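A quick write-up on the structure given underneath.
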Amino acid sequence: MDVIVAADRADLVKARDALGEGSLALVPTMGALHEGHRSLIRLAHEHADHVAVSIFVNPLQFGPNDDFSRYPRTFDADLEVCAEENVRVVFAPSADEMYLPDRQIGVSSGEMGTIAEGAFRPGHFDGVLTVVLKLLNLVQPDVAIFGQKDAQQLALIRRMAADLNLPVSIVGAPTVREPDGLALSSRNRYLSAPERATALSLSKALRAGAAEATPSAILRAARAVLDDAARLDPPLALDYVELVDPKTFKPVGEAHEGEAVLAVAAKVGTTRLIDNVIVPISG
Ligand code: AMP
């Protein structure tokens, strides 16, 4: 069946009518679709009768020095991916369609949006939550799928759904990696071959950390790999490596039991990459 491309709310209403009966899952993306996005779409099919994908590079979640203008835009290839994965509706609005010129109101990501990744990207999570809420209001899915790759984003979206009583189920999807461990990301295409080799240190650090049992040992092992990577050519420039509570993203103490998220962010050349892994801590 053909993919219906919707650019605005009126198109979405028509698309929804064309789908007829059945539940709907939404996979929000910024396009430049890769195997990670495909896995989200496949998971979406397990949770609903129909799948919609949104493609929108959200200006609100980029800071002034971020890569908004050079973010990859590959709409035709993305449509092909959606067709191959049996997506019924692609919602691809313009920025003008999404944001009124005199807009006033947005979602605040609270304290949780200012720590960890939020400390390095002021306003980022407010922008993410605002666009996600708008996409949910526009598409009105029963289920929405988000990747664990953006662990703090997923935790904040769950928090928003709970705090604002959103009538949607939020489903998390595991991170898809290259065979050598590099987490798939639309930004990987910026990396030169030597930069990509350095970027492998992120997943290597996470694996080293995850092999340890206590919070201090986990962080020590991950930091050792990242310290080595800082001496590579080209070097890895670490923003942070933190072991945090999966729900609150506050650092866990030595007495923590249960799951923790080992999260890392670093720049290689001009490309900023993030990755994380869930580590069970038995105490
Ligand atoms: P993006 O287009 O990068 O904003 O990502 C759209 C969705 O895909 C988000 O929910 C991401 O967490 C998810 N995603 C991105 N990369 C991966 C990956 N390697 N594995 C699984 N999900 C991913």
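Read the numbers this way: they start at 1 and go in the same order the structure lists the ligands and their atoms. We number each residue from 1, following the sequence as shown. What you are looking at is a predicted structure, and each value in this text was computed from that prediction instead of being measured.
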Next on the checklist: So that I can tick it off, tell me whether Arg272 and Asp239 are bridged by a salt bridge, with the cut-off set at under 4.0 angstrom between side-chain N and carboxylate O.
Outcome noted: yes

Checklist entry - Would Val27 and Thr29 satisfy side chain to side chain contact (heavy atoms under 4.5 Å, CB included), going step by step from the backbone distance to the final call? => result CA-CA 6 Å; Val27 180; Thr29 80; 4.0 Å; yes

Next on the checklist: Nearest non-hydrogen contact with atom 5 (O) of ligand 1 belongs to which option: His37, Glu178, Gln153, Arg38?
Outcome noted: His37

Checklist entry - Can you list the atoms of ligand 1 that are under 4.0 Å from a heavy atom of Pro28? => result 6 (C), 7 (C)

Checklist entry - With a 4.0 Å cut-off, would you call Lys250 and Glu242 a salt bridge? => result no

Next on the checklist: For the CZ atom on Arg9, are there more than 12 heavy atoms of other groups (residues, nucleotides or ligands in this structure) within a distance under 6.0 Å?
Outcome noted: no

Checklist entry - What's the shortest heavy-atom distance between Ala210 and Leu262, and which atoms? => result N-CD2, 4.4 Å

Checklist entry - Quick one: which ligand 1 atoms are inside 4.0 Å of a heavy atom on Leu184? => result 16 (N), 17 (C), 18 (C), 19 (N)

Checklist entry - Looking at atom 10 (O) of ligand 1, what's its closest protein heavy atom, distance included? => result Gly147 N, 2.8 Å

Item to check | Thr29: numbered ligand 1 atoms lying under 4.0 Å from its heavy atoms | outcome: 2 (O), 6 (C)

Checklist entry - Is there side-chain contact between Val241 and Arg223, with heavy atoms separated by less than 4.5 Å? => result yes

Item to check | The one among Glu35, Arg187, Lys149 that brings a heavy atom closest to atom 17 (C) of ligand 1 | outcome: Lys149

Next on the checklist: Any nitrogen or oxygen of Ala183 lying under 3.5 Å from a nitrogen or oxygen in ligand 1? Just yes or no.
Outcome noted: no

Next on the checklist: Can you check which of Val53, Leu182, Val176, Asp150 brings a heavy atom nearest to atom 12 (O) of ligand 1?
Outcome noted: Asp150

Next on the checklist: Could you tell me, atom by atom, which parts of ligand 1 come under 4.0 Å of a heavy atom of Pro174?
Outcome noted: 20 (N), 21 (C)

Item to check | Subset of ligand 1 atoms that lie under 4.0 Å from at least one heavy atom of Leu40 | outcome: 7 (C), 8 (O), 10 (O), 13 (C), 21 (C), 22 (N)

Checklist entry - Considering Met30, His34, Gln61, which one's heavy-atom position lies nearest to atom 2 (O) of ligand 1? => result Met30

Checklist entry - Does Gln148 come within less than 4.0 Å of ligand 1, judged by its heavy atoms? => result no

Checklist entry - Is atom CG of Asp102 surrounded by more than 12 heavy atoms (other residues, nucleotides or ligands) closer than 6.0 Å? => result yes

Next on the checklist: For Arg88, is the CZ atom crowded, meaning more than 12 foreign heavy atoms sit under 6.0 Å from it?
Outcome noted: yes

Checklist outcome for this item: atom 3 (O) of ligand 1 sits nearest the protein heavy atom Tyr71 OH, 3.8 Å

Item to check | Given Val176, Ile145, Val171, the one that forms side chain to side chain contact (heavy atoms under 4.5 Å, CB included) with Leu40 | outcome: Ile145

